[in-house]
Amino acid sequence: MPSISIKGTLMPESPIRKLVPYAEKAIKDGKKVYHLNIGQPDIKTPKVALDAVKNQSLEIIAYSRSEGSEEYRNKIAAYYLKNDINITADDIIVTTGGSEALLFAMGCIADQGDEIIIPEPFYANYNGFATASGVTIVPVISKIEDNFALPPIEEFEKLISPKTKAILICNPGNPTGYLYSKEEIKKLASIVKKHDLFLVTDEVYREFTYDGETHYSVLQEEGLESNAIMIDSVSKRYSMCGARIGCLVSRNKEIIATALKFAQARLSPPTFAQIASEAALKTPQRYFDEVISEYEERRNTLISHLQKIPGVIAGKPKGAFYCIVELPVDNTDKFAQWLLEEFDSKGETIMVAPAGGFYSSPGVGLNQVRIAYVLNKESLIRSVEILKEALTQYNA
Ligand SMILES: Cc1ncc(COP(=O)(O)O)c(C=O)c1O
């Protein structure tokens with residue numbers, strides 16, 4: 001048989017999706033599964049976005065411009081301006097989800113064997129994008145006991161080598177829910193300027209901040225015009241994960257010109273989804289107020305219930321809708337599979353994402369899981385009850 005590429009063999013499985021066959025089997029066998037593993041919100045997509053697609057009378061679903069339609073990019077620029085980020089349509093490349101923007105960013109800044117420093121745990125698919133791009137991730141460990149705050153600058157500086165091209169952060173963070181402060185962004189800005197690196201920030205959860213805290217974008221930081229690349233997406237902001245629209249934003253003209261070449265190679269982002277995303281920009285503020293207060297309540301419910309289980313440590317997220325939870329088990333890969341295959345509580349079980357895949361350091365995070373609080377409060381309370389019962393049985 002012809003052989004599979006080394007790159008293909010090295011591509012990591014998604015820790016979020018790899019247990020899906022076990023969940024499907026459990027569901028087929030009649031179990032109810034609470035999905036805490038995936039960031040698929042149960043929040044309704046804004047009606048303006050759905051109506052814009054319903055009311056279309058296109059006769060041809062044509063390609064759009066590779067960089068995204070001009071009208072849409074102008075409106076995205078206006079959205080950023082409202083958020084204190086002063087950029088123009090020319091600084092934006094519309095992509096097929098934030099995922100493609102991340103791939104384009106890696107393609108623009110790194111060659112085979114180049115290194116990108118990322119605080120871990122990090123969004124697991126960074127591993128996949130890095131492998132596909134031939135990039136080596138150099139992790140800098142952020143710790144649950146510090147609630148995943150930015151590691152000290154010296155830790156970054158120790159890791160910078162002649163191959164280092166960038167620092168990549170996710171703000172607010174998936175899977176930690178960590179929200180970087182303005183001071184932390186400034187510290188990162190000083191390192192990237194000193195060492196002439198790119199600073200890539202994944203801001204797809206920008207709106208989701210709690211306890212009255214506000215998000216500080218890398219594009220609000222002055223003096224980073226050449227260094228900053230921001231990744232964005234409509235997936236979570238408007239609960240439009242299936243639209244597959246995101247964007248790459250940078251004031252660095254060479255980055256935009258290079259990203260455009262990647263964009264041209266895949267022709268264009270999806271036409272209908274751009275129509276929906278453009279309309280979604282009309283979503284009233286009260287939609288976000290309601291959604292954010294719903295997530296904040298869910299977070300409080302989840303964390304307070306988790307903290308009552310002996311041996312469980314949960315970091316308190318300040319943004320996004322995930323948290324990393326340490327469990328009193330040796331290997332959460334096995335535990336998560338056991339939950340689906342062997343355990344049930346009155347015909348119900350939970351699906352969690354083992355956290356090992358959110359680290360690139362081998363052997364780290366094996367006793368942790370990521371939980372997404374994308375279910376309503378009653379389901380979250382029931383899920384924690386199931387977890388508590390399962391831990392007692394597993395450790396008996
Ligand atoms: C941190 C982060 N970045 C990027 C993405 C990619 O999102 P999409 O491709 O749906 O825009 C996700 C999706 O969950 C994410 O959590």
Please tell me if the side chains of Glu67 and Ile92 come closer than 4.5 Å, counting only heavy atoms from C-beta onward.
no
I'd like to check Ser142 versus Pro121 (side-chain heavy atoms, cut-off strictly below 4.5 Å). Are they in contact?
yes
When you measure from the side chain of Ser250 to the backbone N and O of Asn252, does any donor-acceptor pair fall under 3.5 Å?
yes
Is there side-chain contact between Tyr72 and Leu281, with at least one heavy-atom pair below 4.5 Å?
yes
Inspect the contact between Lys158 and Glu155 and indicate whether a charged nitrogen and a carboxylate oxygen are less than 4.0 angstrom apart.
yes
Any donor-acceptor N or O pair under 3.5 Å, side chains Arg266, Thr95:
no
Exercise: do Arg370 and Asn174 side chains pair donor with acceptor under 3.5 Å:
yes
Separation of Asn171 CG from Thr209 OG1 (nearest 0.5 Å):
10.0 Å
Check the pair Thr164 / Leu197 against side-chain contact (heavy atoms from CB on, under 4.5 Å), numbers first and verdict last.
CA-CA 7 Å; Thr164 309; Leu197 305 174; 4.0 Å; yes
Between Lys7 and Thr131, what is the shortest heavy-atom contact and its length?
CG-O, 3.6 Å
Show, in sequence, the C-alpha distance, side-chain angles and deciding distance for Lys316 and Asn300, and conclude whether the side-chain contact (heavy atoms from CB on, under 4.5 Å) test is met.
CA-CA 9 Å; Lys316 188 158 188 195; Asn300 294 344; 4.2 Å; yes
Can you establish whether the number of heavy atoms outside Glu145 located under 6.0 Å from its atom CD is more than 12?
yes
Heavy-atom closest contact (Asp91 atom, Arg251 atom, distance)
OD1-CA, 4.1 Å
Is the centre of the Tyr205 ring less than 6.0 Å from the centre of the Phe321 ring?
yes
So Thr201 and Cys170, do their side chains get closer than 4.5 Å, heavy atoms only?
no
Test item: side-chain donor near acceptor, Ser345 and Glu389, under 3.5 Å:
yes
Within a reach of under 6.0 Å around CG of Asp196, are more than 12 heavy atoms found that belong to other residues, nucleotides or ligands?
no
Check step by step if salt bridge (Lys or Arg N to Asp or Glu O under 4.0 Å) holds for Arg65 and Glu70.
CA-CA 8 Å; Arg65 283 172 62 174; Glu70 190 164 4; 3.3 Å; yes
Taking atom types as modelled, find out whether Glu157 and His195 have a side-chain donor-acceptor pair closer than 3.5 angstrom.
yes
Side-chain H-bond candidate by donor/acceptor type, Gln264 with Ser66, under 3.5 Å:
no
Passing option when Phe208 is tested against Tyr322, Tyr295, Tyr373 for ring-ring contact (aromatic ring centres under 6.0 Å, His included)
Tyr295
Walk me through it: do Leu19 and Met351 pass the test side-chain contact (heavy atoms from CB on, under 4.5 Å)?
CA-CA 8 Å; Leu19 295 170; Met351 183 171 181; 3.8 Å; yes
Which heavy atom in Pro270 sits nearest to a heavy atom in Ala243, and how many Å separate them?
CG-O, 4.0 Å
Is the CD atom of Gln285 crowded by more than 12 outside heavy atoms at less than 6.0 Å?
yes
Ile245 to Pro269 - nearest heavy-atom pair and separation:
CD1-CB, 4.2 Å
Is there a donor in the side chain of Asp232 and an acceptor in the side chain of Tyr80, or the other way round, less than 3.5 Å apart?
yes
Please determine, by modelled atom types, if Arg237 and Tyr79 share a side-chain donor-acceptor pair under 3.5 angstrom.
yes
Any chance you could measure Asp29, atom CG, to Glu341, atom CD, to the nearest 0.5 Å?
10.0 Å
Modelled atom types, side-chain donor and acceptor of Glu184 and Tyr216, under 3.5 Å
no
Before you tell me yes or no, could you show the steps for Tyr123 and Phe358 under ring-ring contact (aromatic ring centres under 6.0 Å, His included), namely the whole-Å CA-CA distance, both residues' side-chain angles and the distance that decides it to 0.1 Å?
CA-CA 6 Å; Tyr123 173 50; Phe358 295 86; 7.7 Å; no
Does either side chain, that of Glu120 or that of Ser361, offer a donor lying less than 3.5 Å from an acceptor on the other one?
yes
Is any side-chain heavy atom of Ser268 less than 4.5 Å from a side-chain heavy atom of Thr96?
no
Any side-chain heavy-atom pair of Ile229 and Ile109 under 4.5 Å
yes
Take atom NZ in Lys253; do more than 12 heavy atoms of anything else shown fall under 6.0 Å from it?
yes
Starting at CG of Leu219, measure out to CG of Asn83 and round the result to the nearest 0.5 Å.
11.0 Å
Find the distance between CG (Asp211) and CZ (Arg299) and round it off to the nearest 0.5 Å.
4.0 Å
With the threshold set at 4.0 Å, does a side-chain nitrogen-carboxylate oxygen contact exist between Glu294 and Arg298?
yes
Other residues, nucleotides and ligands only: do more than 12 of their heavy atoms fall within 6.0 Å of NZ on Lys18?
yes
Take a 6.0 Å sphere around NZ of Lys163 and say whether it holds more than 12 heavy atoms from other residues, nucleotides or ligands.
no
With a 4.0 Å cut-off on N to O distance, would you call Lys165 and Asp114 a salt bridge?
yes
So does Leu306 get a backbone contact from the side chain of Lys388, meaning a donor-acceptor N/O pair under 3.5 Å?
no
Kindly assign one of parallel, tilted or perpendicular to the pair Phe129 and Tyr126, based on the angle between their ring planes and the thresholds 30° and 60°.
tilted
Should we say atom CG of Leu267 is surrounded by more than 12 heavy atoms from elsewhere, each under 6.0 Å from it?
yes
Run the side-chain contact (heavy atoms from CB on, under 4.5 Å) test on Ile117 and Leu168 for me, step by step, so that the C-alpha distance in whole Å, both residues' side-chain angles and the decisive distance to 0.1 Å come before the verdict.
CA-CA 6 Å; Ile117 301 174; Leu168 165 58; over 6 Å; no
For the atom pair OH (Tyr34) and OG1 (Thr349), what is the distance rounded to the nearest 0.5 Å?
10.5 Å
Glu213 side chain to Tyr210 backbone, donor-acceptor under 3.5 Å
no
Under 4.5 Å between any side-chain heavy atoms of Ile118 and Val140, yes or no?
no
Is a side-chain donor-acceptor pair under 3.5 Å present for Asp333 with Gln337?
no
Do you see a donor-acceptor pair shorter than 3.5 Å between the side chains of Thr332 and Gln368?
no
What one should report as the nearest heavy-atom pair of Leu340 and Ala23 is CD1-N, 3.8 Å
Taking all non-hydrogen atoms of both residues into account, name the closest pair between Arg382 and Glu348 and its distance.
NE-OE1, 2.6 Å
Nearest-0.5 Å distance, CD1 of residue Ile371 to CD1 of residue Ile324
9.5 Å
For Lys193, does the NZ atom have more than 12 heavy-atom neighbours from other residues, nucleotides or ligands under 6.0 Å away?
yes
Just wondering, do Ile93 and Leu260 contact through their side chains at under 4.5 Å, heavy atoms?
yes
